[in-house]
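These numbers were taken from a predicted model, which means no experiment stands behind them.
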Amino acid sequence: MEDYINLSIFLPIFPLGMTIFIFILLRSFNRTINRLTKPVSILFLVSILISTLLSLFLYINHVSGNIPLSSILSISKSFNLEIHLNELTEKIIIILGLSSSTIILYSVSKLRRQNGYVLYMVSLGFITSLLISGTLLINIHI
């Protein structure tokens, strides 16, 4: 079970990595990426669902604990950020992931896909990643 807690670093990385990837593609190939709205939406949906399923896996296995980020990211020891993982943070991340996935599915079905649509998806992925990161970095107790 102690090895599973190291997987918690990937919870915000999946949506953030997809956000950075799509943003770079958007800046490089603006016209082409703006036409590929459904594949972009599916990529964001998959990245958020992977993060949500990973959090569900950690919740089912009752993984909890603290991980100092200085040991994972090989940064100086004076940088005192820790990932706090417990059942409440895992539940919050699952709820955040499901609500973001619902927003993406609603956006695909109801919104008109115009020029700002891909940037909207990038913003949604970035906000989701920030919320997951904030949930992990704040020490929440029941």
Look up atom [atom1] in [X] and atom [atom2] in [Y], then write down how far apart they are to the nearest 0.5 Å.
| X | Y | atom1 | atom2 | result |
| --- | --- | --- | --- | --- |
| Ile24 | Ile33 | CD1 | CD1 | 11.5 Å |
| Leu136 | Ile93 | CG | CD1 | 4.0 Å |
| Ile94 | Leu56 | CD1 | CG | 4.5 Å |
| Thr19 | Ile13 | OG1 | CD1 | 12.5 Å |
| Leu45 | Ser101 | CG | OG | 5.0 Å |
| Leu130 | Leu96 | CG | CG | 11.5 Å |

Check your understanding: Has the side chain of Asn86 got a donor or acceptor atom that lies under 3.5 Å from a matching backbone atom of Leu88?
Key -> yes
Practice item. Spell out, as yes or no, whether a donor-acceptor pair under 3.5 Å connects the side chain of Ser28 to the backbone of Leu25. Key: no
Can you name the residues that form a side chain to side chain contact (heavy atoms under 4.5 Å, CB included) with [X], not counting sequence neighbours?
| X | result |
| --- | --- |
| Ser129 | Pro12, Pro15, Leu16, Ser133 |
| Ser100 | Ile48, Thr128 |
| Ile50 | Phe14, Val46 |

Shortest non-hydrogen contact from [X] to [Y]?
| X | Y | result |
| --- | --- | --- |
| Glu82 | Leu137 | O-CD2, 3.5 Å |
| Leu36 | Val40 | O-CG2, 3.1 Å |
| Leu11 | Ser51 | O-OG, 2.6 Å |

Point to revise | Single-linkage hydrophobic cluster Ile103~Ile92, side-chain heavy atoms < 4.5 angstrom | key: no
Which donor-acceptor pairs under 3.5 Å do the side chains of residues 116-123 make with protein atoms, sequence neighbours left out?
unit_1, atom_1, unit_2, atom_2, d
Tyr117, OH, Ser41, OG, 3.0
Tyr120, OH, Ser107, OG, 2.9
Ser123, OG, Leu119, O, 2.9

**Study point:** Derivation and outcome, side chain to side chain contact (heavy atoms under 4.5 Å, CB included), residues Asn34 and Leu26
**Key:** CA-CA 7 Å; Asn34 276 325; Leu26 182 64; 3.7 Å; yes
Review point. Taking it one step at a time, do Leu85 and Ile67 satisfy side chain to side chain contact (heavy atoms under 4.5 Å, CB included)?
Key: CA-CA 8 Å; Leu85 194 67; Ile67 304 173; over 6 Å; no
**Study point:** ring-ring contact (aromatic ring centres under 6.0 Å, His included) contacts touching residues 31-58 (sequence neighbours left out)
**Key:** Tyr4-Phe57
Review point. Listed by chain and number, what are the side chain to side chain donor-acceptor pair (under 3.5 Å) partners of Tyr59, not counting sequence neighbours?
Key: none
